[in-house]
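Whatever order the structure lists ligands and atoms in, that order sets their numbers, starting from 1. Every value quoted in this text rests on a predicted model; they were computed, and no experiment measured them.
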Amino acid sequence: MSSGKKILLGVTGSIAAYKALDLASRLCKKGHRVTAVMTRSACQLVGPASFESLTGNPAALELFPRQKPQQIEHISLAQWADLVLVAPATANFLGKAANGIADDLLTTVAMAATAPILIAPAMNVNMWQAQAVQENLKKLKAFGWKIIEPESGRLACGDTGKGRLAPLEAIEKAIEEALYPNQQLVGIPVLITAGRTEEDIDPVRTITNRSSGRMGYALAVEAAARGARVTLITGPADLTLPDVEKVVKVRTAEQMSQAVKKHLPLNKALIMTAAVADFRPSKASAQKIKRGSGSLDLKLEPVADILAQASRNNKKHALMVGFALESKDLLANARKKLIAKNLDLIVANDSQTIASGNIRATLLEPKGRAVKLPLMGKPELAGVLLDKLDELFKKRKANQNAR
Ligand SMILES: Cc1cc2nc3c(=O)[nH]c(=O)nc-3n(C[C@H](O)[C@H](O)[C@H](O)COP(=O)(O)O)c2cc1C
């Protein structure tokens, strides 16, 4: 269910090639799909099998592969990629790319790609300072390629100076900026709740609902892919847990409430997608309730309103995003909830959404008109909502600066 991007990771014959393994692994953990394209020299320094096991995709090595003669490998790879990243990039690669030479798979893919291209060079300090390398870098920048500058320090060859591959964090940041040019979620802590809750009737029976958790999980994956530091508080959901900074598993509304109270003070936004029970049995039976001849009366009591409480106590430092699922008077009820709970944004959706992969949503803010969105997949809506969240962060910052 990843809504991450497709990243073509070019690896060339630099001593820093082993660092590309860690990079590939980090990118996959963020939900991106990674295919390594390795030069022959790179294969002398690290093995394609390592990239294959970390990314789950075959590493591409040959311009004329024997296995897939029916496919033109360099064109299909170039079309597949949302982003081409060459890390580490050798002086040789820079020279070939800057001068229109396409004599192996990587240089040919780079020339055929229409996606943004990022280059993280790594080499000896004297090579870095060589006039040819500097001229080639100028040319590549003029092509619109982004260069992630190497850092200074002690180099593998023993020399000291500029030429060491940029820190992986800097490369990851450049990737996020290239993939999401208008996004600024990088490093922002965001709390997302997802799934349903279960309220006990007796030791084996519960009151619950049909929420799948898909919306919240899609948001968690997408927010993490955009660089946010995501804490996901999840009730039961029949999905694989996304790989985000922190996952807190809960079952009941009370546990979810406690978890939100604990984690929200450390976060800058709460996105409350969880379908929390509104009522629970006033008293859960300690023993399994036996079938009798008559009917069973269950007395239900309301549970605490997690979002309203969270908003009251954290509104100053965190943005509040809620979901309203209504079976009638959708927009009027959603607007009421938006105002009553003092939210920054509410996502109104009808009851067909629950347990479905798709959602038809309307976005409402305290000021402004309702924005009706077409039917779309939940990962796609996650992207739209996070664009909106970014806009809200920017507005809040501008307001704070104006004061
Ligand atoms: C052990 C070793 C380490 C190397 N490290 C680098 C390096 O960090 N940067 C670089 O530009 N070239 C480095 N080279 C030289 C390149 O591997 C060489 O220029 C090669 O032709 C590059 O091919 P490629 O660009 O197709 O990968 C290294 C060579 C060896 C033998």
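Among all heavy-atom pairs drawn from Met123 and Thr90, the shortest one is CE-C, 4.0 Å.
Of the options Glu151, Glu149, Gln129, a side-chain hydrogen bond (donor to acceptor under 3.5 Å, both in side chains) to Lys162 is made by Glu149 and by none of the others.
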Show me the side-chain donor-acceptor pairs of residues 358-372 shorter than 3.5 Å, one per line, residues at least two apart or across chains.
{"residue": "Glu365", "atom": "OE2", "partner": "Lys388", "partner atom": "NZ", "Å": "2.7"}

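Arg229 pairs by the salt bridge (Lys or Arg N to Asp or Glu O under 4.0 Å) definition with Glu245, not counting sequence neighbours. Taking the side-chain contact (heavy atoms from CB on, under 4.5 Å) definition, one finds that Asp297 meets it with nothing, sequence neighbours left out.
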For ligand 1, which of its N or O atoms have a protein N or O partner closer than 3.5 Å, and how long is each gap?
{"residue": "ligand 1", "atom": "5 (N)", "partner": "Ile15", "partner atom": "N", "Å": "3.1"}
{"residue": "ligand 1", "atom": "8 (O)", "partner": "Ser14", "partner atom": "OG", "Å": "2.8"}
{"residue": "ligand 1", "atom": "8 (O)", "partner": "Ile15", "partner atom": "N", "Å": "3.4"}
{"residue": "ligand 1", "atom": "8 (O)", "partner": "Ala122", "partner atom": "O", "Å": "3.4"}
{"residue": "ligand 1", "atom": "9 (N)", "partner": "Ala122", "partner atom": "O", "Å": "2.8"}
{"residue": "ligand 1", "atom": "11 (O)", "partner": "Ala91", "partner atom": "N", "Å": "2.8"}
{"residue": "ligand 1", "atom": "14 (N)", "partner": "Gly13", "partner atom": "O", "Å": "3.3"}
{"residue": "ligand 1", "atom": "17 (O)", "partner": "Gly13", "partner atom": "O", "Å": "2.6"}
{"residue": "ligand 1", "atom": "23 (O)", "partner": "Ser41", "partner atom": "OG", "Å": "3.0"}
{"residue": "ligand 1", "atom": "23 (O)", "partner": "Asn92", "partner atom": "ND2", "Å": "3.3"}
{"residue": "ligand 1", "atom": "25 (O)", "partner": "Thr90", "partner atom": "OG1", "Å": "2.6"}
{"residue": "ligand 1", "atom": "25 (O)", "partner": "Asn92", "partner atom": "ND2", "Å": "3.0"}
{"residue": "ligand 1", "atom": "26 (O)", "partner": "Asn92", "partner atom": "ND2", "Å": "3.4"}
{"residue": "ligand 1", "atom": "27 (O)", "partner": "Gly13", "partner atom": "N", "Å": "2.7"}
{"residue": "ligand 1", "atom": "27 (O)", "partner": "Thr39", "partner atom": "OG1", "Å": "2.7"}

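Looking at Val303 and Glu254, their side chains never come closer than 4.5 Å, going by heavy atoms from C-beta outward.
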